[in-house]
Amino acid sequence: MRSNTSPYAWWKLLGFVLLIYAAIMGFLGNVPRLAILNETIRNLYFHVPMWFAMTLFLLIACVYSIIFLRTGDLKHDRISVEFTRTGMVFGVLGLLTGMMWAKFTWGTFWTKDPKLNAAAIAMLIYTAYMILRDAIADEDKKARITAVYNIFAFPAFMALIYIMPRLTDSLHPGNGGNPGFSAYDRNAEMNMIFYSAVIGFMLLGTWITTLRIRLRIWADKKDGLIIDSTQHAS
Amino acid sequence: MLLKKIYCILSMLVFTSISALAQQTESVDMADAFRADGKIYVVITVVTIILIGLLVYLISLDKKIGKMEKEYNEQN
């Protein structure tokens with residue numbers, strides 16, 4: 001079994017297999033014929049996984065913030081910040097792809113839809129996290145304060161994206177009394193492609209993040225910020 | 001068309017259930033002609049090439065970082 005740091009680790013390649021499957025079948029598979037949506041329903045395979053992946057990365061970041069506060073190991077802080085960063089990249093992609101989709105189905109790039117505004121606010125919360133990190137010079141203090149911030153940011157993000165839009169009126173399926181896609185038009189075939197894309201993008205994002213973490217920790221070791229506890233023999 | 005054949009076989013392998021949904025309401029505008037022309041396979045090939053390119057690039061990045069880590073560990 002190859003280790004997780006190998007470029008050919010099974011989950012890295014699986015991610016791409018799933019993405020290629022989703023790309024081929026996403027275009028080729030059958031979709032329901034729905035007015036207004038038309039062929040754009042295929043965006044379901046590419047736009048929605050952005051948010052699923054973002055949520056996973058921010059959850060991992062939140063968990064590692066908690067772990068960091070318990071251990072005080074800067075490595076955990078680095079894992080947390082890099083997952084937050086990847087989460088934000090996926091969030092920006094989700095917003096941009098959503099705007100494109102909205103233009104051709106709802107008629108405008110941006111509406112007063114609570115889910116859109118909530119997503120934008122959530123992005124601002126995490127932007128503030130990044131700015132806060134830059135504002136504190138002391139590494140230990142920076143890691144501690146931003147870990148606490150991150151722990152509070154995640155529940156706020158969840159409430160904004162997943163709970164608030166369901167309470168009010170929203171154009172998004174599954175919100176404000178709208179039935180979700182699954183309720184009437186997501187059949188078994190679509191589900192298979194959709195979840196392949198979701199897992200594929202999650203694995204791709206995780207791979208990119210682990211590369212950033214390894215690079216960051218490598219640099220920190222060089223700077224003497226992180227002392228490797230695994231080597232004492234040499 | 002070779003591409004068409006390849007994707008035909010691929011989709012046959014992959015498909016376990018083909019829904020009849022697509023035939024139900026023909027009145028809604030879909031890209032039927034685009035599909036009938038076989039031009040959709042061009043799009044799929046382009047997207048697949050991009051994904052494979054990304055994969056190769058990420059593997060090379062991963063290797064590079066692995067090499068840096070190894071070098072550091074050997075030095076210390």
Side-chain angles (χ1 to χ4, degrees), chain A residues 3-9 12-13 15-42 46 184-190 192-193 196 200 204 207-208 210-219 221-222 227-228 230-232 234, chain B residues 3-4 6-8 10-35 38-76:
Chain A
S3 79
N4 279 341
T5 53
S6 160
Y8 305 108
K12 294 175 181 173
L13 303 179
F16 267 90
V17 169
L18 289 173
L19 281 181
I20 289 168
Y21 165 78
I24 293 173
M25 295 317 293
F27 288 120
L28 220 52
N30 289 313
V31 290
R33 305 177 85 92
L34 300 172
I36 300 170
L37 272 175
N38 305 98
E39 292 278 359
T40 70
I41 193 170
R42 292 176 197 278
F46 305 104
Y184 52 95
D185 51 24
R186 213 163 80 194
N187 52 44
E189 183 195 330
M190 283 186 80
M192 208 160 121
I193 303 167
S196 297
L204 172 68
W207 187 2
I208 295 170
T210 57
L211 290 182
R212 285 198 67 117
I213 293 166
R214 282 163 61 191
L215 198 60
R216 187 78 184 264
I217 289 175
W218 173 83
K221 278 182 187 168
K222 278 202 132 179
I227 295 132
D228 202 341
T230 53
Q231 341 164 333
H232 14 236
S234 61
Chain B
L3 272 179
K4 199 168 179 172
I6 295 171
Y7 285 118
C8 235
L10 253 177
S11 50
M12 262 151 62
L13 285 172
V14 161
F15 265 57
T16 44
S17 63
I18 296 166
S19 75
L21 260 171
Q23 277 79 47
Q24 278 170 7
T25 42
E26 292 292 338
S27 57
V28 179
D29 258 355
M30 299 298 256
D32 295 317
F34 186 53
R35 249 152 254 286
K39 289 281 193 328
I40 188 75
Y41 299 105
V42 181
V43 177
I44 295 167
T45 310
V46 166
V47 175
T48 312
I49 290 169
I50 291 175
L51 281 173
I52 291 169
L54 274 175
L55 172 68
V56 172
Y57 181 59
L58 271 177
I59 286 175
S60 77
L61 256 180
D62 202 321
K63 274 185 182 160
K64 200 165 196 160
I65 292 171
K67 225 168 116 189
M68 282 161 62
E69 285 173 333
K70 219 178 135 198
E71 271 170 20
Y72 175 84
N73 286 339
E74 278 164 4
Q75 275 168 20
N76 291 270

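Heavy atoms only: backbone and side chains are in, while hydrogens, waters and symmetry mates are out. To find a chain, count down the sequence lines: A is the first, B the second, and so on, and within it residues start at 1.
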Considering only heavy atoms, which portion of A:R42 lies under 4.5 Å from any heavy atom of chain B: side chain, backbone, both, or neither? side chain
Between A:L28 and B:Y41, is any pair of side-chain heavy atoms under 4.5 Å apart? yes
Among residues at least two apart in sequence or on other chains, which ones pass side-chain contact (heavy atoms from CB on, under 4.5 Å) with B:A31? A:E39, B:F34
Identify which part of A:F16 has an atom lying under 4.5 Å from any heavy atom of chain B, answering side chain, backbone, both or neither. side chain
A:R214 vs A:L211 side-chain heavy atoms within contact, under 4.5 Å: yes
Identify each donor-acceptor pair in which a side-chain atom of residues 47-60 of chain B lies under 3.5 Å from a protein atom, sequence neighbours left out, and give them as a table.
{"unit_1": "B:T48", "atom_1": "OG1", "unit_2": "B:I44", "atom_2": "O", "d": "2.6"}
{"unit_1": "B:S60", "atom_1": "OG", "unit_2": "B:Y57", "atom_2": "O", "d": "2.8"}

Chain B contact via A:L13 - which portion, at a heavy-atom distance below 4.5 Å: side chain
Under 4.5 Å to a heavy atom of chain B? For A:S6 that would be backbone
